[in-house]
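This is a predicted model, so every value here is computed, not measured. In what follows, chains are A, B, ... by sequence order, proteins preceding strands, each numbered from 1.
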Amino acid sequence: MLQLQKIREDKDLVINRLSVRGLDANILVNSVLELDQKRRETQVKLDDVLSKRNTISKEIGAFFKAGNVDEANRLKEETALINDNADKLRKSLSDIEKELNDILYQLPNLPHESVPNGKTSAENEIVMSKGDIPVLHKEAKPHWDLAKEYNLIDFELGVKITGAGFPVYKGKGAKLQRALINFFLDEAEKAGYKEIIPPYMVNEASGYGTGQLPDKEGQMYYVSEDDLYLIPTAEVPVTNIFRGEMLKKEDFPIKYTAYSPCFRREAGSYGKDVRGLNRLHQFEKVEVVQVQHPSKSYETLNEMVDYVKSLLEKLELPYRLLKLCGGDMGFTSALTYDFEVYSAAQERWLEVSSVSNFESYQSNRLKLRFKNENGKKELAHTLNGSALALPRILASILENFQVEDGIEVPKVLHPYLSFDKI
RNA sequence: AGAGAGGUGGCCGAGUGGUUUAAGGCGCAUGCCUGGAAAGCAUGUUUUCGGGAGACUGGAUCGAGGGUUCGAAUCCCUUCCUCUCUGCCA
């Protein structure tokens, strides 16, 4: 969440930056400042009352010790009024704090100054594109038909076992998936990321830490019996490794990678968007996460973007890089780049990666700090990116690499497979 | 899952209702001493929200949340976690 300190210092800047998201934050920001003022005033009053009570309590103790019971009892009566007053102030302080917190939770991150204005994905800025769009033969098919023809993925079987959006990968389909996971993890390790296998369920505090909560109905599956959430991305458990940590400035940059299945409810999706592998309730992903010094986080964001580019180029997939506009950016992000690959039979771009700098938005919730050059505690910056999400990569490989008598496999995966053509 | 034991500052560890303002030790920081260091001595050292230009100063904080009391690390309730034993299981 946003730092209250920053809102106090320059509320116009905050309102101004949030308008890039198409959000008029005037009322919210002003109530934050009002509540903050009220909170401090109330706390001063409460502290004062409690201070008096502490003094009197000590006096009572001293009187009892001295055997002066009458005087002690007289003072006891005095505290009744004080405690009454303290209760009221405590109640109103906690009400104010709750209200203040609720509003702070409603405020999204401030977009970086380079984020373009805009409401929808149509206004995202295409930064670059690379790779030739393949020319397919006349009988070319979308991946869901190929998956059936070559017996790679069984969507109906997944419906039988679980429900829509939970496909079953079979034979060479499963092996190709596994090869991609290994390829991505090996590349990440070469790029300096430490591999992690995180828990696939997280508690409520972790959900709040990275910003998935409060908003639970939207995307996460919830196991009520144990009060746990299935992770929608490895970002959640991996970033929460650092919840409450105090780092040293020499620790930066911290680079972690993790493969995990991801579970998303995706309420409200329909139509061609959910066809085949395009949008699933369970999918595989390799994620990269970095924790960085605030002065270097944008350098790191660029490094991560370059890293994802290199993966797509090694896989020989045509891609384009988008800088998201304010309206399309996630709640917690300050700047997000999306990668899309071209899936030649569907003739559409599919998002396969999202790389974001959250600046201190997550670390403020996580209480992820470090001792800076002056020995002061300061919030670290967190970043993450998909590297990469599997299903749409698989979809575009199947579609783009199909030839008349089968499906070829990107060369870079050959060492990971016992076959080089399906 | 059942029974028992436990959770106190950066770490160890004392503390069963009021000089605890959390003893003592280790570690760390600063100073004295020294040619320099060690030892020794002295001072400081949980975290966090406030007030104050500052020197200073108020509140909260002993796993977490409630309660009893004028007053709670200490008593009561709830809950989480760790350890030991038993059971179950890949």
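Across the protein-nucleic acid pair, A:Gln43 atom CD and B:C49 atom P stand 10 Å apart, rounded to whole Å. For the pair A:Asp226 CG and B:C80 P, the interatomic distance rounds to 11 Å; values are reported in whole Å. A straight line from CZ of A:Arg8 to C1' of B:G50 spans 10 Å, rounded to a whole angstrom. Straight-line distance from the NZ atom of A:Lys58 to the P atom of B:U21: 6 Å, rounded to whole Å. The separation between A:Leu50 atom CG and B:U57 atom P is 19 Å, rounded to whole Å. As a whole-Å value, the separation of A:Leu89 CG from B:G50 P is 17 Å. The interatomic distance linking A:Glu71 (CD) with B:C70 (P) rounds to 17 Å, in whole Å. When rounded to the nearest whole Å, the span between CZ of A:Arg90 and P of B:U61 equals 8 Å.
Using a 4.0 Å heavy-atom distance criterion, A:Arg369 is classed as a sugar-phosphate-only contact. Counting any heavy atom pair closer than 4.0 Å across all strands shown, A:Asn73 reaches no nucleic acid atom. Residue A:Ser57 is classed as a base contact, given a heavy-atom separation below 4.0 Å to a base. Across all strands, A:Lys377 comes closer than 4.0 Å only to sugar-phosphate atoms, never to a base (heavy-atom distances).
Atom name P, nucleotides B:U34 and B:U20: the rounded distance is 38 Å, in whole Å. Taking the C1' atoms as reference points, B:C62 lies 33 Å from B:G54, given to the whole Å. Between B:U74 and B:G63, the distance separating the two P atoms is 8 Å to the nearest Å. For the P atoms, the distance from B:A5 to B:A73 is 24 Å, rounded to whole Å. Of the C1' atoms belonging to B:U45 and B:A72, the separation is 26 Å, rounded to the nearest Å. Nucleotides B:U82 and B:U30 have their P atoms positioned 39 Å apart, rounded to a whole Å. The gap from the P atom of B:G4 to that of B:C77 amounts to 14 Å, rounded to the nearest Å. For the P atoms, the distance linking B:G59 with B:G7 amounts to 28 Å, nearest Å.
A ring-centre distance under 6.0 Å is not found for A:Tyr229 and A:Phe263. Aromatic rings of A:His293 and A:Phe370 (six-membered ring for Trp) have centroids within the 6.0 Å cut-off, being under it. If you look at A:Phe242 and A:Tyr256, their ring centroids are closer than 6.0 Å.
Across all strands shown, B:A22 remains unpaired; no Watson-Crick or G-U wobble contact has both distances below 3.5 Å. Using N1 to N3 plus N6-O4 or O6-N4 for Watson-Crick, or N1-O2 and O6-N3 for G-U wobble, each under 3.5 Å, B:U16 pairs with nothing. Partner assigned to B:A73 is none, using Watson-Crick or G-U wobble distances below 3.5 angstrom. Checking B:G54 for Watson-Crick or G-U wobble geometry (two distances, each under 3.5 Å) identifies no partner in any strand. Nucleotide B:C83 is matched to B:G4 when pairs are restricted to Watson-Crick or G-U wobble geometry with both distances under 3.5 angstrom. Base pairing annotation: B:U61 forms no Watson-Crick or G-U wobble pair, as no partner gives both donor-acceptor distances under 3.5 Å. Across every strand in view, B:C41 sits in a pair with B:G31 that passes the Watson-Crick or G-U test at under 3.5 angstrom.
Between A:Leu335 and A:Lys323 the shortest side-chain heavy-atom distance falls below 4.5 Å.
Remark: A:Arg40 is not in phosphate contact with B:C49, judged by side-chain N or O atoms under 4.0 Å from OP1 or OP2. Within the 4.0 Å cut-off from OP1 or OP2 of B:A60, at least one side-chain nitrogen or oxygen of A:Asn54 is found. Remark: A:Asn83 is not in phosphate contact with B:C70, judged by side-chain N or O atoms under 4.0 Å from OP1 or OP2.
Ion pair A:Asp145/A:Lys148 not flagged as a salt bridge, since none of the NZ, NE, NH1 or NH2 atoms sits closer than 4.0 Å to an Asp/Glu carboxylate oxygen. A salt bridge links A:Asp36 with A:Arg39: the closest approach of a Lys/Arg side-chain nitrogen to an acidic carboxylate oxygen falls below 4.0 angstrom.
Ranked by how close their nearest RNA chain B nucleotide is to the 5' end, A:Arg39 and A:Glu77 are led by A:Arg39. Heavy-atom nearest nucleotides on RNA chain B were determined for A:Ile60 and for A:Val44, and the one closer to the 5' end corresponds to A:Val44.
Closest approach to the A:Asp47 side chain among B:C49, B:G71, B:G59 is made by B:G59 (side chain taken as heavy atoms from C-beta onward). When the nucleotides B:G18, B:G59, B:U47 are ranked by their closest atom to the side chain of A:Phe64, B:G18 comes out on top.
Of the listed residues (A:Asn384, A:Asp338, A:Thr336), just one forms a side-chain hydrogen bond (donor to acceptor under 3.5 Å, both in side chains) with A:Ser354, and that residue is A:Asp338.
When atom types are taken as modelled, the side chain of A:Glu399 and the backbone of A:Gln346 share a donor-acceptor pair closer than 3.5 angstrom.
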